[in-house]
Amino acid sequence: MNQLIKTVSILTSLWVIALYAQAQSVNITPERKRAIDSLALEKVRDLSKYISIIGDKATSMTESQRVIDRTMELFMEGAQMGVSSLNRKGVRYFPVRKYLERLRALNYQTVNIEWYNIQYISDLVQQPDGRFVGLITIYQRFEGVMEDGMRYVDVTKKDITVYVERKQQQIGGRLIGFWDVLLGDIKVTETKRS
Amino acid sequence: MRTHCFAFVCLWGLISVGSSRLCAQKIATGDITDLYAATKQLSQFIKRFNNEEDRQGVAYDPKSKFYREPEQRKQYLKLLFDEQSIVIPQNLRAGFIADITRSDSPVFLDFFGGDWFAEVKVTVTYNSKEEEAILFMVLEKAGQGYKWVIDRVYFRPYAPHIRSVTKNPNNFLHPQSHELGFMNLNRVFESPVTAEDYTSQSYHPPEQLQIFMYDLRRGAIKFITVNDTRFHFFQLRGWYFEVANFNRPGLNSGWLISNLVQLPPEQKSVMLNYIYRENR
């Protein structure tokens, strides 16, 4: 009996080690990369959509609060926005929630946020803990109109960090692998355009 | 002129083909030629440099005939220079492109290939006064992947106090000093500039990074913000170039080559010392 327990325990250990090794030696083929890119882009599209809703003056306080909560679910804990503008040196840092709340509170009569139909996706690079990290660049056009009719327009480049992790979940007794994508720090840069 | 024509043709191609839609949001209209043209990430700079992506910014399959195709690559390379720079003569640029695209032995940039690093200017307060520190960052292999680490720092307030000159052999504590209870140590500390002359052979002046970290720990330095990032490449034998970000209107923006030097390997250390602000 003892021998049986010993054998089962060794086999279990080997199985766990094999699973762990499999998880660590994940290879991202070009096809898999394309699939992960679409997943990441989907999150970025959600983020863009949420930002437009939060910035929209027609959105009620309750609704914008709900959307801010939804937006936060896209992000890793502790993610921050680094904002650089043309008339100020350096980067100003905001926690994501604070950034969204500031966007909601902007003192314009109307706000219109649009996104340019262009994006650039970097390669995914593995970091020390085994997760992959990439960057998606998109461009946003912001237009705010004050009560007196004064218009403020800017175009910002948003470099969005994307974390990709191979995870496993037990479904019906079987371990199913999947790629989990979360957004991280975002650098917002005001662009100079003609 | 030919370069600009090519850029124009390429960029119209980009716009007419377009890319996948950000369909869930309001799409901005208007000319976005400049946004396509901008080299948006350093990753894209490397991919354009090597001709590893198409005009829409989509990576080629390494098995594709377009991957690293030399003629297209030469055209891309011409677009990767800061057109407003006066420090890179046209003949040097042409020589560089010809050299790295030689049909018998073309050379390419490799993100993981080493021999390149980042220079990052940050603002800190030092003893409550705003100062600029320059951090030199390198990509280091760690665990299952890579990470950026601080390799060096240049901090102007330290510079006058760190000596890298040889010790003056006439400055020493004589071998009977112990009998005097080392009373002559006062001569060492009266002149801080020469105090290191009295240290052992194994003593080396501290690196600025060590002092910087010490000052950070004791609260004398506080980080404020990041101001500027640029990259220095020594990866292609015989050449050094710098890549900086240009945020400006037009088709020549984003990450571009801002300096190029033909550099025999034996002069690499001279260039490194210049970048590291050694002896300044």
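Per chain, numbering begins at 1; letters A, B, ... match sequence-line order. Keep in mind that this is a model prediction, so the values were computed, not measured.
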**Student:** Would you mind checking which part of A:Ile113 comes under 4.5 Å of any heavy atom in chain B, side chain (CB onward), backbone (N, CA, C, O), both or neither?
**Tutor:**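 Only the backbone of A:Ile113 comes within 4.5 Å of chain B.
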
**Student:** Measure the CG-CD1 distance between B:Asp34 and A:Ile118 for me, rounded to the nearest 0.5 Å.
**Tutor:** 8.5 Å

**Student:** Can you measure from CD1 (B:Ile27) to OG (A:Ser48) and round to the nearest 0.5 angstrom?
**Tutor:**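 Answer for the CD1-OG pair, B:Ile27 versus A:Ser48, is 8.5 Å.
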
**Student:** Please look at B:Glu53 and chain A and tell me whether the side chain, the backbone, both or neither of the residue comes under 4.5 angstrom of a heavy atom of that chain.
**Tutor:**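 For B:Glu53, side-chain heavy atoms alone lie under 4.5 Å from chain A.
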
**Student:** At their closest point, which heavy atom of B:Asn247 faces which heavy atom of A:Thr189, and how far apart are they?
**Tutor:** ND2-CG2, 4.0 Å

**Student:** Rounded to the nearest 0.5 Å, how far apart are OH of A:Tyr120 and OG1 of B:Thr39?
**Tutor:** 9.0 Å

**Student:** Just wondering, do A:Asp123 and B:Phe111 contact through their side chains at under 4.5 Å, heavy atoms?
**Tutor:** no

**Student:** With a sphere of 6.0 Å drawn around CZ of A:Arg174, does it hold more than 12 non-hydrogen atoms of other residues, nucleotides or ligands?
**Tutor:**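 No, because the 6.0 Å sphere around CZ of A:Arg174 holds 12 heavy atoms or fewer from other groups.
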
**Student:** Can you tell me how far OH of A:Tyr116 sits from CD1 of B:Ile32, rounded to the nearest 0.5 angstrom?
**Tutor:**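 It comes to 8.0 Å.
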
**Student:** Check for a donor-acceptor pair, side chain of B:Lys40 on one end and backbone N or O of A:Lys157 on the other, with a separation under 3.5 Å.
**Tutor:** no

**Student:** Do you know which two heavy atoms are closest between A:Gly130 and B:Gln144, and how far apart they sit?
**Tutor:** CA-OE1, 3.5 Å

**Student:** Looking only at heavy atoms, what is the nearest atom pair of A:Asn117 and B:Tyr36, with distance?
**Tutor:**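 Shortest heavy-atom separation between A:Asn117 and B:Tyr36 comes out as O-OH, 3.4 Å.
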
**Student:** Select one option (side chain, backbone, both, neither) describing which atoms of A:Glu190 are under 4.5 Å from chain B's heavy atoms.
**Tutor:** backbone

**Student:** Distance from A:Lys89 atom NZ to B:Ile224 atom CD1, nearest 0.5 Å?
**Tutor:**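 Rounded to the nearest 0.5 Å, the NZ-CD1 separation comes to 10.5 Å.
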
**Student:** Any side-chain heavy-atom pair from B:Tyr146 and A:Val133 closer than 4.5 angstrom?
**Tutor:** no

**Student:** Looking at NZ of B:Lys141 and CD of A:Gln126, how far apart are the two atoms once the value is rounded to the nearest 0.5 Å?
**Tutor:** 8.0 Å

